[in-house]
Amino acid sequence: MSSICRSDRGFTLLEVLVALALLVILSAALYGTYFSLMRGREIAVVKMESRRELSTTLDQLNRELSAAFYNTNNKRLHFVVEDRDFFGKPASTLDFTFIAPPVGGTLPASDQVRAIYTAGEKDKKLTLARQAQDLYMKVDSLPYPQMKELEGFLVECYDGNEWVRTWDTVLNSSLPKAVRVTLMVKEGEKTVNFSTTTKLWMGN
């Protein structure tokens with residue numbers, strides 16, 4: 001008489017539970033890694049966008065300030081810096097006229113532009129707004145946000161001896177020799193300063 005040995009058998013309940021536990025652990029690890037990578041990517045994109053916005057704003061300020069124009073014979077031309085703050089954070093106001101390249105279009109326009117940079121507060125965060133319009137156009141332009149969530153906007157003027165935080169061509173009768181603009185942004189737990197310094201053409 002011969003006997004037949006059967007090696008085929010099903011999984012026990014313990015084996016199924018162990019397999020499920022391993023599957024859960026592996027899935028959790030994979031999903032955790034995936035979401036960590038996605039969060040890292042989002043943070044990197046936000047930082048890149050913030051740096052791009054920062055660089056664009058500083059370049060624009062430097063370009064416009066280098067073309068600042070003032071003449072005592074024209075009362076429309078001016079350069080004014082006001083020293084202000086919100087909750088101890090610098091929030092300067094910069095109001096000046098500069099020479100801009102001509103733009104195309106059907107509306108008549110001069111080459112003289114008034115630019116106003118103001119830092120406003122919202123939820124204890126500063127937003128830098130820019131307003132620009134032709135100096136001889138009667139239609140007022142609306143300010144638009146230039147940068148959001150700043151920690152500070154500081155404008156300093158060099159008079160030849162020291163850096164000061166206020167300037168008014170009505171009182172000073174001339175442009176400052178140089179202007180330094182500092183944008184302060186939060187990076188992690190630290191506040192980092194980014195500055196541009198522009199020498200001004202001295203009008204009369």
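Residues: numbered from 1 along the sequence shown. Since the model is a prediction, treat every value here as computed from it, not as a measurement.
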Look at the side chain of [X] and the backbone N and O of [Y], then say whether any donor-acceptor pair between them is shorter than 3.5 Å.
X: S55; Y: R51; value: no
X: D168; Y: V170; value: yes
X: T166; Y: V81; value: no
X: T196; Y: L58; value: no

Return the minimal non-hydrogen interatomic distance between [X] and [Y], and the atom names on each side.
X: S195; Y: T182; result: OG-OG1, 2.8 Å
X: L65; Y: L200; result: O-CG, 3.7 Å
X: S92; Y: V155; result: OG-N, 3.0 Å
X: T72; Y: S173; result: CG2-O, 4.0 Å

Note, [X] side chain near [Y] side chain (heavy atom, < 4.5 Å):
X: D159; Y: W167; answer: yes
X: E156; Y: E162; answer: no
X: V113; Y: T97; answer: no
X: I116; Y: L94; answer: no
X: Q112; Y: N74; answer: yes

Answer yes when [X] and [Y] have at least one side-chain N-carboxylate O distance shorter than 4.0 Å, and no when they do not.
X: R114; Y: D95; answer: yes
X: K89; Y: E151; answer: yes
X: R84; Y: E121; answer: no

The residue among L154, V192, L126 that forms side-chain contact (heavy atoms from CB on, under 4.5 Å) with M184 is L154
If hydrophobic clusters are built from ILVMFWY residues whose side chains come within less than 4.5 Å, do I99 and V80 share one? no
Identify whether F153 and W163 are in the same connected component of the hydrophobic contact network (ILVMFWY, side-chain heavy atoms under 4.5 Å). no
